[in-house]
A.B. asks: 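Quick one: the structure is below, and I'll ask about it shortly.
Heavy atoms only: backbone and side chains are in, while hydrogens, waters and symmetry mates are out. The structure displayed is predicted, hence computed values, not measured ones. Here is the naming used below: chain letters follow the sequence lines, and residue numbers restart at 1 for every chain.
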There are 2 protein chains.
Amino acid sequence: MLWLRSCKLVLLQIDMGSTIQNPACQHCKDRFSSIFCKAEQCNLEQIDQAKVCSVYKKGQVIFHEGAYPFGVYCINDGKIKLSHSGDDGREQIIRLVKAGDIMGYKALLSNERYTATATALEDSSICFVPKDLFMSILQKDASLSFEMMRILSSELRKAELKITHLAQKPVRERLAETLLFIKETYGLEADGHTLSVRLSREEIANLVGTATESAIRLLSEFKKDGMIELEGKKIRLLDLQQIVKTANLQD
Amino acid sequence: MLWLRSCKLVLLQIDMGSTIQNPACQHCKDRFSSIFCKAEQCNLEQIDQAKVCSVYKKGQVIFHEGAYPFGVYCINDGKIKLSHSGDDGREQIIRLVKAGDIMGYKALLSNERYTATATALEDSSICFVPKDLFMSILQKDASLSFEMMRILSSELRKAELKITHLAQKPVRERLAETLLFIKETYGLEADGHTLSVRLSREEIANLVGTATESAIRLLSEFKKDGMIELEGKKIRLLDLQQIVKTANLQD
DNA sequence: CCTGTGGAATGATATGTATCAAGTCAGCGT
DNA sequence: ACGCTGACTTGATACATATCATTCCACAGG
């Protein structure tokens, strides 16, 4: 049942993609990351054969900051956080990774060591594609290269926006923004309100870029204002409009 | 004499590059951005013919946030700042661009509008390469694609590091870091101490991500501590070691 | 049952930084 | 020379946020 969900996701992403679809992906005979659907069929098959899938438990580290990369990882199912460990040991969460995403490509492409640590936020099923194969296919497959560049550009855009907000917006606005971001990334549960990830307050703080206590305090305020509801690690977004307003977005 | 300097720079960057050199670049019959030296010869010639060079005066805008991109820009000579204009109008400088760099590729590759404004920090000579040509060469030239991915990955790495520092480091450390960054990017004048860009205090503040007054105050402190010397917009780095220490770097 | 443990919450306090306000200075046009 | 303008500087103050300390609570293990 794990990969049934994954299939649906992959197909969804294909439908929404702007570039040419790859028919092989629609078979979806195995769990697979959507990025490779941009690749040509023969290459897709090669990847399909070479990839190694495995399951990581919640809290488990997939790769570690400072280590050398030997390939890229594709998420079939699950949720991962990518984080820097700051100079003083405090963690800064850089990115949230979801099913259909890939990770670890940055270090590979710039030929450096990992600059972030990937940790499973819940039990996750992840494929590993070896470096040599990935690079050699990238060499000959322009569609895949384009897709990679598109992803990189888009990540860079987001990162730069985050820099601006971090420098200019107060914590309150950034927290509201982060709640919306989590919702965009991982979506809501069936009730249409509850965020479908369980993050600790500390993790939320490390995502926002603030102290844990500040995050807690502001979440309580949001609750008092009727914007959200809190129940342990469950966060329910009650008044989306109000949250958007608090986030003070305009891009 | 303008392009003599540029040639030197290009050659330098070729020598340092890890991928295959392109002999065409060594002729350097015209000013040219070093990135394209990774391209295959025939493509290089095509670009060389299609590109349009022009000179921008200090303060002039090369492209504007929100506009649609029609190609990429390569800097032959000069200095450019790329900046977001935050929601409240305050500017956040995202990147400093120097001779040999390219800019405007992010918007092109992700097929979106510019998210930043490019402004000349001094009179600059810049080439424009049309979108269609650039994209079509990217399609068939894997070396160029790889180089683009390498650049994107590296920018992303820097951006993520900046996010972490912005979230975790005090202004004092970030300012010291910024001074070192400016030195790395644009280098020093012949005396071996003076930064070779003239930035206003406001621009420095927008690079650090702080208020102008804070930047001014801290610069004065640095001066009092004998780390730097100030003379109008000239900034001389006297005690590099001390600045590094103040920046508190460890990556 | 007690007890230990880790996360969450709250309060008190300290402090870094932004903001507001004024003042200085150099350059520039008239 | 005059006043004007814009950038820089400095000071006083307010405020947001970090930090430290404490309490609360749920939960697991003995």
A.B. asks: Assess whether a salt bridge exists between B:E160 and A:R95, defined as any Lys/Arg side-chain N lying under 4.0 Å from an Asp/Glu carboxylate O.
C.D. replies: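 Between A:R95 and B:E160 there is no salt bridge, as every charged N stays at least 4.0 Å from the carboxylate O atoms.
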A.B. asks: First contact, last contact: which nucleotides of DNA chain D are these for chain A, 5' to 3', heavy-atom distance under 4.0 Å?
C.D. replies: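 Answer, 5' to 3': D:dT17 to D:dC20.
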A.B. asks: Are A:K169 and A:E177 close enough for a salt bridge, meaning some N to O gap below 4.0 Å?
C.D. replies: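 A salt bridge links A:K169 with A:E177.
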A.B. asks: Between A:E229 and A:K234, does at least one N-O distance fall below 4.0 Å, as a salt bridge requires?
C.D. replies: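 Here A:E229 does not pair with A:K234 in a salt bridge, since their nearest N and O are not under 4.0 Å apart.
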A.B. asks: Got a donor-acceptor pair under 3.5 Å from the side chain of B:R172 to the base of C:dT15?
C.D. replies: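 Checked by distance alone, the answer is no.
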A.B. asks: Just jot down the salt bridge (Lys or Arg N to Asp or Glu O under 4.0 Å) partners of B:K233, sequence neighbours excluded, or say none.
C.D. replies: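 B:K233 satisfies salt bridge (Lys or Arg N to Asp or Glu O under 4.0 Å) with no other residue.
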A.B. asks: State whether B:R172 and B:E221 are salt-bridged, where the test is any N-O pair (Lys NZ or Arg NE/NH1/NH2 against Asp/Glu carboxylate O) under 4.0 Å.
C.D. replies: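 Looking at B:E221 together with B:R172, the answer is yes, because their closest N to O distance falls below 4.0 Å.
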A.B. asks: Output the residues of residues 200-213 of chain A in contact with DNA chain D, where contact means a heavy atom of the residue under 4.0 Å from an atom of the strand; sort by number or write none.
C.D. replies: A:T210, A:A211, A:E213
A.B. asks: Does a salt bridge link A:E189 with A:R236, judged by any charged N lying under 4.0 Å from a carboxylate O?
C.D. replies: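 No, this pair does not count.
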A.B. asks: Answer yes or no for A:K79 and A:Y186: cation-pi contact, defined as NZ/CZ to six-membered ring centre under 6.0 Å and angle to ring axis within 45°.
C.D. replies: yes
A.B. asks: On DNA chain C, check which nucleotide each of B:P170 and A:R217 is closest to and give me the residue with the more 5' one.
C.D. replies: A:R217
A.B. asks: Between B:E91 and B:K81, does any NZ, NE, NH1 or NH2 come within less than 4.0 Å of an OD or OE carboxylate oxygen?
C.D. replies: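 B:E91 and B:K81: salt-bridged.
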